[in-house]
Amino acid sequence: MMNFIILLGPPGSGKGTQALLLKERMGYVLLSTGDLLRDEIKRETAFGLKASEYINKGLLVPDELITGFILDYIERNKLYSENILLDGFPRRISQAEALSVSMKNSDKKVDAALLLALDRDDIMYRLSGRKMCPKCQSIYHADAGDKCEKCQTALVKRTDDNEETIIKRIDVYENETAPLIDYYKKNGLLHCVNGKGTVEEVYERIVKAVKNNG
Ligand code: AMP
């Protein structure tokens with residue numbers, strides 16, 4: 001089994017949904033930077049308020065703000081000694097390099113970067129109808145009811161899931177995050193998984209990739 005996995009893929013490719021399944025079924029510890037940031041915003045911390053200025057515009061939070069925050073969080077919670085799944089970090093080559101240095105200092109390394117591939121039309125369709133549970137972070141499509149099936153909390157729409165911000169986020173992904181695909185390919189760590197299909201179909205593909213490389 002792989003110990004340290006980075007999930008890559010455009011917004012709406014299913015990273016969050018699949019990360020929750022991998023956590024529930026395979027025992028990975030999940031670190032979702034988007035969820036951490038949304039929690040900071042909810043608690044109205046100075047960091048959260050600053051980050052929300054970028055998030056609501058569909059832009060990446062600057063490295064000076066986010067990189068230290070995430071790497072400190074990992075070290076403080078001793079996550080390098082867990083089987084960990086990173087959803088949403090790194091999102092730039094500079095972040096990947098900072099992560100690599102931090103891991104080297106702890107004598108650890110990334111085992112795999114899993115890319116969930118999905119085309120632009122599917123991304124738009126998924127994101128424009130998406131709802132999420134603010135309590136357990138489960139993700140639902142437009143045709144779901146008003147409450148989370150797992151914890152009965154009222155579902156909400158993310159503030160950055162509107163058409164204008166979605167288009168911006170896809171552009172930002174292509175320009176700033178997609179270069180990570182080549183970065184991890186060169187290191188021999190990239191595994192590409194087709195993100196189209198049902199949640200269970202995609203999950204099966206991911207498990208195959210994770211288990212074949214243990
Ligand atoms: P997500 O829930 O992963 O889609 O993240 C939501 C938003 O949080 C992104 O659109 C970015 O604005 C911000 N964000 C999350 N992770 C990062 C990161 N590693 N670097 C910069 N911004 C980030």
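In listed order, ligands and their atoms are each counted from 1.
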For [atom], what's the nearest protein heavy-atom neighbour? Residue, atom name and distance, please.
{"atom": "atom 23 (C) of ligand 1", "value": "R91 CD, 3.9 Å"}
{"atom": "atom 14 (N) of ligand 1", "value": "L37 CD1, 3.5 Å"}
{"atom": "atom 16 (N) of ligand 1", "value": "T33 OG1, 2.8 Å"}
{"atom": "atom 20 (N) of ligand 1", "value": "Q95 NE2, 3.0 Å"}

Donor-acceptor pair, distance only, cut-off 3.5 Å: does the side chain of K131 make one with the backbone of A144?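 Looks like yes, one N/O pair under 3.5 Å.
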
Determine yes or no for a side-chain-to-main-chain donor-acceptor pair under 3.5 angstrom, with D87 supplying the side chain and L7 the backbone. no

What are the atoms of ligand 1, with element, lying closer than 4.0 Å to any heavy atom of R38?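 This gives 2 (O), 6 (C) as the contact atoms.
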
Which one of V61, L59, V172 has a non-hydrogen atom at the shortest distance from atom 12 (O) of ligand 1? L59

Which one of G88, P11, S32 has a non-hydrogen atom at the shortest distance from atom 18 (C) of ligand 1?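 Selected option, by shortest heavy-atom distance: G88.
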
With heavy atoms only and a cut-off of under 4.0 Å, state how I66 meets ligand 1: side chain, backbone, both or neither. side chain

Between H141 and Y125, what is the ring plane arrangement, given parallel below 30°, perpendicular above 60°, and tilted in between? tilted

What heavy-atom pair brings T33 and G88 nearest, and what distance separates the two atoms?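 Answer, listing the atom of T33 first, then G88: OG1-O, 3.0 Å.
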
D161 bridged to R169 by N-O distance under 4.0 Å: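 Here D161 pairs with R169 in a salt bridge, since their nearest N and O are under 4.0 Å apart.
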
Set out, in order, the CA-CA distance, both residues' side-chain angles and the distance that settles side chain to side chain contact (heavy atoms under 4.5 Å, CB included) for V210 and L114, then state yes or no. CA-CA 9 Å; V210 170; L114 266 180; 4.1 Å; yes

Measuring from non-hydrogen atoms of F89 to any atom of ligand 1, is the shortest distance under 4.0 Å?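 Flag set, F89 near ligand 1.
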
Examine ligand 1 and decide if any of its atoms is less than 4.0 Å from a heavy atom belonging to R158. yes

Is there a donor in the side chain of E149 and an acceptor in the side chain of S138, or the other way round, less than 3.5 Å apart? no

